[in-house]
Amino acid sequence: MNCFHKHPTRCSWRQNAHFLLHLKLRLKYYSTQMSQASILQKIRDVKPLHQAHAHIIVSNLSENVFLCNRLMNAYASCGLVSKAQIIFSQIPNKNLVSWTILLSGLTKNGRFFEAVEVFYGMMVLQIRPNEITIASVLPAFGKLGRVLLGKSVHCYWIRCNFGDNVFVETGLIDMYSKFGCMRIARNVFDNMSVRNVVSWNAIISGYSDNGYGEEALRMFNLMKRKGMSGDIFTVMSLISLEDFRVGSGIHGLIVRSGYENDPLIRTALMGLYINGNFVNDAYRIFEEINKKDLVAWTSMLRGFSRSGNWRRTIEHFNKMMGENMIDYVSLITMLSGCSCSGALQQGRRMHALVLKTGFQDDLFVGSAVIDMYANCASMIDAKRYFGGMVERDAACWNALISGYGMIGCGNEAIVTFLKMKDSGLSPDESTLVSVLCACSHAGLVEQGLRIFDQMTKVWNLIPNLKHYACVVDLLGRSGRIYDAYLLTKRMHLKPGLEIYSSLLTACKIHRNFELGDEISRELIELKPNDAGHYILLSNMHALAGNWDCARMSRISLKSSNLKKNPGLSSMEINGEMFTFMASQTDHPHYLEIRDFLEGLILKIKAAGYEPDTDSVLLDVSDDVKRDILFHHSEKLAIAFGLMRTKPGAVVRITKNLRICDDCHLASKFVSKVCARVLVIKDAKRFHVFRDGVCSCRDWW
DNA sequence: TTAGGGTTAG
């Protein structure tokens, strides 16, 4: 039996035009407030609405609160919430309904900050909200993470003893789910006397969004047993469930639900394939969507960009421009793509497009531009854009701080952090991550510890696992492995992957093989499907000279059928992206790169470079080790960059993994011998090689 | 009252 029902269709323009005709006729014969108001309620299109508004002004009814409320509602429903705000400001005798309509208009149009401001305005004027006001404002608290405000409104609602209200209760479930408080959300759900499909959807998507897949499925099955039909929202919340995909198969559910051809469902499925790195499957679905909207186009853009296919990313973006499918989200997606691949030239074009399209004052776009420049090691541009912004939020500051961190300017990062506090803006969880990372990259241990202490004690910020991972990294890198280890035992959270990874890296740097071995085993137990841990364990044994153990780790990796992420270096030349993989002899430019590289190695050897064969953690002869070293992806990229760019030009390379000791050493010599600046971004930070010295001062 | 694309870290 099909347990899904279709969602209602929206009013068409034709229907609206029909209402307009009736509006005129009715106004002519019954010029009562009631008839105009009831018509306003049905208008869902801009054109007839403007005409109705004009008619109300002409009829001298613009001070009528009842009509104005309806007009505001109609404007807000068409997405013209600014119009509703103007009308609201002009109503002489606003009532609770006026406030509530404004609030719900703002939340429905995603303007949550303003909604909360309006709510505060009501509090100041001592206007007591009713159930509808509360239900309207709850989504804003949820979306903005205003936990205290949300909880106090919940208390107010209980105190007022309004009684059961499915709208408020469902809003509370949604809000607490967004806060990540699933226990409270479930408590509200369990105490409801009446539940509708929205309430069930709220609790299912709450569990699903918070990573409790099994519980989400359990609730879905319970919902079916209770005889409740699901709808498109139910399917949406189940689509992203890993358990569900693995178990019953998502396609079966979609076909049974009858939403197979729904563009929204298809876009959600695209996202699923993109996240699983199946870009071609996502593209197949994308092509099948008849009316592709902005979201579908942008989702596909993310897919191409994420898969590293730069040529298709650019082609797709150009098509979007041709189809007039560009908005601030697509710009952010493209900026983020440039940021990940270090594509500075394309990034500059995006910056120009931001100015051309008029999104330069948008905070989200702004932080994405700053992040792009920061990830292309162009802090001058990042700072200039930041300086020119009319308004800045925490994300903009954080992008700047982490930019300084990545390039190794720890002091600049701390100064920016202090300026952020002086500006009156509260640092958030990400600020602490950014500033701690910056301290870690620059080796500023004491400063980092002081900031962590201050943020947690003075600012009352509850440290999460990421923060602890940063502190463990900070201590571990500086050699205080035992302190880092003690912290993991003392903290109030159970150590996760990030913590153990940081500890393990520290063990590798400082050759603490005993603890390293213990941590590796913890890591493998925690996430057995990650090839990286086996590699680290093997490398650790190799460093200690335990070749048998190293081999055993590699064998267990092989037998588990896990594949290591291959090391890739990429670089942008004249807007085109070139990618190199270690020992890739089938690269179209392999022969010329090899010849150039041989000459380059001879030159740097003459200047004193000695290959660091310890970087090859395999039990092979030194000759083979040298051969492997000379074919690392970074070296291939450096050679290609020197060949293809003008003398004196900066060579910029992005690597997906961390740079190895030997490539780091060789880059220093290359920068001196060839009189070139090399900017290499690895998985964590930048290395700027200039005149034989690296900006990281060999600390990474 | 609930849904598909996006920024800061990793």
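Below, read A as the first sequence line, B as the second, and so on, with proteins coming before strands; counting in each chain starts at 1.
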Next item on the list: Measure from CZ on A:F364 to P on B:dG5 and round the result to the nearest Å.
Entry: 14 Å
Next item on the list: Select base, sugar-phosphate, or nothing to describe what A:V329 touches, counting heavy atoms under 4.0 Å on all strands.
Entry: base
Notebook entry, point to check: Is the distance between the ring centroids of A:F417 and A:W397 under 6.0 Å?
Noted result: no
Next item on the list: From the options B:dT8, B:dA3, B:dA9, select the nucleotide whose nearest atom is closest to the side chain of A:I232.
Entry: B:dA3
Check: Is A:E215 paired with A:R218 through a side-chain N to carboxylate O contact shorter than 4.0 Å?
Finding: yes
Note to self: Classify A:D327 by what it touches in the nucleic acid, base, sugar-phosphate, or nothing, heavy-atom distance under 4.0 Å.
What the structure shows: base
Next item on the list: Please state whether the base of B:dG6 and the side chain of A:T333 form at least one donor-acceptor pair under 3.5 Å?
Entry: no
Notebook entry, point to check: In which ranges does DNA chain B form stems of 3 or more consecutive Watson-Crick or G-U pairs, distances under 3.5 Å?
Noted result: none
Next item on the list: Tell me what A:V369 touches on the nucleic acid: a base, only sugar-phosphate, or nothing, going by heavy atoms under 4.0 Å.
Entry: nothing
Next item on the list: Have a look at A:S434 and say if it touches a base, only the backbone sugar-phosphate, or nothing, with a 4.0 Å heavy-atom cut-off.
Entry: sugar-phosphate
Check: A:F167 side chain: which of B:dG5, B:dT1, B:dT7 is closest?
Finding: B:dT1
Check: Relative to the ring of A:W157, is the ring of A:H154 parallel (under 30°), tilted (30 to 60°) or perpendicular (over 60°)?
Finding: tilted
Item checked: Six-ring centre of A:F317, A:R349 cation under 6.0 angstrom, axis tolerance 45° -> no
Margin query: So if I take every side-chain heavy atom of A:V198 and compare against B:dT1, B:dA3, B:dT8, which nucleotide ends up nearest?
Written below: B:dT1
Check: Contact class for A:A202 vs. all strands (heavy atom < 4.0 Å): base, sugar-phosphate, or nothing?
Finding: nothing
Notebook entry, point to check: Quick one: which of B:dT2, B:dG5, B:dT8 gets closest to the side chain of A:R302?
Noted result: B:dG5
Next item on the list: Say whether, by atom type as modelled, one donor and one acceptor occur between the side chain of A:S299 and the main chain of A:V295 under 3.5 angstrom.
Entry: no
Check: Does anything in residues 287-297 of chain A reach DNA chain B, meaning a heavy atom under 4.0 Å, and if so which residues?
Finding: A:D293, A:L294, A:V295
Next item on the list: Indicate whether OP1 or OP2 belonging to B:dG4 is found under 4.0 Å from a side-chain N or O atom of A:R266.
Entry: no
Margin query: Taking the minimum atom-to-atom distance to the side chain of A:K178, which one of B:dT7, B:dA3, B:dT1 wins?
Written below: B:dA3
Item checked: Qualifying residue for side chain to side chain contact (heavy atoms under 4.5 Å, CB included) with A:Q447, from A:L436, A:V435, A:L474, A:I414 -> A:I414
Next item on the list: From the options B:dA9, B:dT8, B:dG4, select the nucleotide whose nearest atom is closest to the side chain of A:V433.
Entry: B:dA9
Notebook entry, point to check: Counting side-chain heavy atoms from C-beta on, which of B:dA3, B:dT1, B:dT8 comes nearest to A:P139?
Noted result: B:dT1
Next item on the list: Round to a whole Å and report the spacing from CE of A:M175 to P of B:dT2.
Entry: 13 Å
Margin query: At less than 3.5 Å, do the side-chain atoms of A:T170 and the base atoms of B:dT1 form a donor-acceptor pair?
Written below: yes
Check: Quick one: which of B:dT8, B:dG6, B:dG5 gets closest to the side chain of A:S299?
Finding: B:dG5
Next item on the list: Could you please spell out the steps behind the ring-ring contact (aromatic ring centres under 6.0 Å, His included) verdict for A:W200 and A:F220?
Entry: CA-CA 8 Å; A:W200 282 97; A:F220 172 61; 9.8 Å; no
Next item on the list: Assess whether one donor atom and one acceptor atom, taken from the side chain of A:T267 and the base of B:dG4, lie less than 3.5 Å apart.
Entry: yes
Next item on the list: Kindly say whether A:N187 contributes a backbone atom to a donor-acceptor pair with the side chain of A:N191 at under 3.5 angstrom?
Entry: yes
Notebook entry, point to check: Are side-chain N/O atoms of A:S341 and A:T654 paired as donor and acceptor at under 3.5 Å?
Noted result: no
Margin query: I'd like to check the side chain to side chain contact (heavy atoms under 4.5 Å, CB included) partners of A:F167; sequence neighbours left out, ordered by chain and number.
Written below: A:A135, A:N165
Notebook entry, point to check: Counting distance only, does the side-chain N/O of A:R146 pair as donor-acceptor with the main-chain N or O of A:A140 below 3.5 Å?
Noted result: no
Margin query: Please determine whether a side-chain nitrogen or oxygen atom of A:S402 lies at a distance below 4.0 Å from atom OP1 or OP2 of B:dA9.
Written below: yes
Notebook entry, point to check: Between B:dT7, B:dA3, B:dA9, which nucleotide has the shortest distance from any of its atoms to the side chain of A:M406?
Noted result: B:dA9
Next item on the list: When you get a sec, tell me which of B:dT1, B:dT8, B:dT7 is the closest nucleotide to the side chain of A:K108?
Entry: B:dT1
Item checked: Between B:dT8 (C1') and A:K383 (NZ): distance, integer Å -> 19 Å
Notebook entry, point to check: Taking NZ from A:K143 and C1' from B:dG6, how many angstroms apart are they, rounded to a whole number?
Noted result: 14 Å
